[in-house]
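Notes for the one structure printed next.
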2 protein chains.
Amino acid sequence: MLPNAAAGYELDPKQPIGAQVYGLLKRMIIGLTFKPNEALSEKELAVRLGVSRTPVREALIRLAEETLVDVFPQRGTIVSPIRVAEVMEAQFLREALEAAVARRAAEQPSTTLIRDLSRLIDDQTHAANAGLPEDYMPLDEAFHRTISEGTGMPRAWRLIQSVKGQMDRVRFLSLPNKAHMLLLTEQHAEIFKAIETQDPDRAEAAMRHHLKEVLKTIQELAAEMPAIFA
Amino acid sequence: MLPNAAAGYELDPKQPIGAQVYGLLKRMIIGLTFKPNEALSEKELAVRLGVSRTPVREALIRLAEETLVDVFPQRGTIVSPIRVAEVMEAQFLREALEAAVARRAAEQPSTTLIRDLSRLIDDQTHAANAGLPEDYMPLDEAFHRTISEGTGMPRAWRLIQSVKGQMDRVRFLSLPNKAHMLLLTEQHAEIFKAIETQDPDRAEAAMRHHLKEVLKTIQELAAEMPAIFA
DNA sequence: AGTGAGATACTACCATGGCATAAGCCGTGG
DNA sequence: CCACGGCTTATGCCATGGTAGTATCTCACT
């Protein structure tokens with residue numbers, strides 16, 4: 001583990017610690033602060049975060065369900081290696097879910113959904129032009145979340161999130177440049193238009209096309225740097 | 001809580017207790033041993049099962065992620081009420097996932113998948129003719145699981161399982177009769193044929209039709225006994 | 001009688017200690 | 001030199017104690 005891996009991450013004692021630890025560890029795994037195959041010790045994480053082992057353990061269990069960590073009973077816990085097959089499966093499942101949700105969204109879009117998505121695309125355009133990936137990525141996430149939750153399907157987003165982790169970790173390897181962010185925003189706009197005009201077929205197609213784009217990035221990376229894959 | 005709700009369920013100390021408690025509680029919730037809105041106390045469950053509160057707590061966290069229980073911090077935990085909107089969302093998500101998996105299965109079915117599914121349909125025919133729902137339901141479950149896992153998508157089945165709980169609880173209200181079991185088996189056979197003949201469109205359509213059948217049962221029940229729904 | 005404040009009895013949450021088990025080391029015997 | 005067996009050390013797993021927070025109930029006061 002890195003010397004000060006948890007530096008700068010403070011926990012709010014007024015909120016459930018377990019959930020905070022989960023979110024923190026997940027971000028650190030996806031952000032590659034914790035490298036694949038790196039050992040994660042309950043005890044060491046606890047002292048490093050200044051909490052007890054119980055919430056750390058709870059967080060690791062949740063991460064194990066998302067296969068972001070592998071728990072070997074009585075032996076240890078490691079950050080799971082990036083398995084190409086798993087990433088491909090995650091991509092497949094995400095596409096199935098998001099395509100269905102996009103279709104549903106286009107069937108009966110609420111006015112607030114239209115408004116929220118429209119605003120998000122504006123924000124994305126600005127962030128993309130500013131060329132700041134760290135500003136853009138949360139907006140990308142918000143776009144997809146908004147479609148699910150704004151269509152009355154909060155659980156859909158949670159499922160998507162649980163499979164997305166594996167992909168995000170790969171995607172993080174290449175932070176998008178300005179051109180790429182503008183391309184993504186254009187695809188978002190296409191999805192938005194299909195929803196706004198209540199065209200389910202077009203919405204589903206646009207969403208599938210958009211997600212395929214991400215897959216393309218992943219495949220390039222896998223070819224570039226096979227070292228970190230298992 | 002019922003007086004001897006845990007009677008007859010023994011835990012194997014040689015296996016991880018937390019996972020066993022999770023499975024046990026899930027079965028009891030789906031089987032309506034624990035009724036919707038019933039209070040579940042960490043402490044009481046622990047003493048009743050003869051284990052400590054820690055693994056019980058871990059199990060409840062996992063169940064909360066599937067929305068089978070609602071945890072109110074510092075207040076208590078209850079078996080979640082059956083919310084029609086949630087059941088509908090679960091149905092929607094399950095259909096999206098299973099339809100995609102069935103399609104994929106039909107594209108390149110392995111010989112072992114064909115063999116396993118064929119055998120399962122035979123077993124289902126026998127169980128249906130014997131008219132024993134308690135024998136049939138595990139076979140139904142195995143059929144759907146086999147399609148996912150036999151197509152190299154183990155995670156798909158886990159996702160499906162995590163949304164299926166809400167539906168199973170409703171479905172449990174009406175154990176199927178012989179005619180119904182035969183109908184389900186027929187639909188399974190139709191899905192199987194489509195996979196065997198490598199006809200993706202037909203496989204997806206057959207799966208969607210099959211799952212819609214379940215939805216029909218649920219809607220009838222919701223109309224029959226609105227009392228237990230929230 | 002109705003209302004509000006305080007005591008009380010619960011809850012889930014977190015901390016911590018002891019445990020069994022599995023891997024690695026290290027000396028011993030072949 | 002190699003292989004095997006006991007020992008050390010680490011891990012995750014479970015048990016249990018203490019704490020903060022919430023709802024309810026009681027009783028004084030209006």
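Residue numbers start from 1 in every chain, and the chains themselves are labelled A, B, ... in the order their sequence lines are given, proteins ahead of strands. The basis for the numbers below is simple: all heavy atoms, side chains too, and nothing from hydrogens, waters or symmetry mates. Everything quoted here is computed from the prediction, not taken from an experiment.
If you take CG of Leu40(A) and P of dA10(D), they are 18 Å apart, rounded to a whole angstrom. For the pair Leu49(B) CG and dC14(D) P, the computed distance is 13 Å after rounding to whole Å. Computed from coordinates, the Glu42(B) CD to dG17(D) P distance equals 15 Å when rounded to whole Å. For Glu58(B) and dC13(C), the CD to P distance is 13 Å, given to the nearest whole Å. Taking atom CG on Leu60(B) and atom C1' on dA12(C), their separation rounds to 10 Å, with Å as the unit. Here the P atom of nucleotide dA15(D) and the CG atom of Leu45(B) are 14 Å apart, to the nearest Å. With rounding to whole Å, Glu44(A) atom CD is found 12 Å from dA10(D) atom C1'. Put simply, CD on Gln74(B) is 16 Å from P on dC10(C), counting in whole angstrom units.
Applying the 4.0 Å criterion to OP1 and OP2 of dG21(D), one finds that Lys14(A) has a side-chain N or O inside that range. Between dA15(D) and Thr54(B), no contact under 4.0 Å exists linking OP1 or OP2 to a side-chain N or O. For dT11(D), neither phosphate oxygen OP1 nor OP2 lies less than 4.0 angstrom from any side-chain nitrogen or oxygen of Arg75(A).
When each of dG12(D), dA15(D), dG17(D) is scored by its nearest atom to the side-chain atoms of Arg57(A), the top-ranked nucleotide is dG12(D). The Val71(A) side chain lies nearest to dG12(D) when the options are dC14(C), dG12(D), dT16(C). Of the candidates dC14(D), dT21(C), dA23(C), dC14(D) carries the atom nearest the Ser52(B) side chain, counting heavy atoms from C-beta on. Nearest nucleotide to the Thr77(A) side chain, out of dA15(D), dG12(D), dG17(C): dG12(D). Checked against dC14(C), dC14(D), dT21(C), the side chain of Ile17(A) finds its nearest nucleotide in dC14(C). In the set dC13(D), dA15(C), dT11(C), dC13(D) carries the atom at the smallest distance from any side-chain atom of Arg53(A).
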For nucleotides 24-26 of chain C, which of its nitrogen or oxygen atoms have a protein nitrogen or oxygen under 3.5 Å away, and what is each distance?
none

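Proximity of a side-chain donor or acceptor of Thr151(B) to a complementary backbone N or O of Ile147(B) within less than 3.5 Å is detected. Put simply, the side chain of Ser80(A) gets close to the backbone of Thr67(A): a donor and an acceptor are under 3.5 Å apart.
For Gln108(B), the CD atom counts as loosely surrounded, since its 6.0 Å shell holds 12 or fewer non-hydrogen atoms of other residues, nucleotides or ligands. In the displayed structure, Glu107(A) atom CD is contacted under 6.0 Å by more than 12 heavy atoms of other residues, nucleotides or ligands.
At a cut-off of 3.5 Å, with distance as the only test, no side-chain donor of Glu42(A) or Thr77(A) sits close to an acceptor on the other residue.
Under the 4.0 Å criterion applied to side-chain N and carboxylate O atoms, Arg83(A) and Asp70(A) are assigned as salt-bridge partners. We find that Asp140(A) and Arg145(A) are not joined by a salt bridge, their nearest charged nitrogen and carboxylate oxygen being 4.0 Å or further apart.
Each of Gln15(A) and Lys43(A) lies near DNA chain C, and the nucleotide nearest Gln15(A) is the one positioned closer to the 5' end.
Arg103(B) meets the side chain to side chain donor-acceptor pair (under 3.5 Å) test with Asp201(B), Glu204(B); sequence neighbours excluded.
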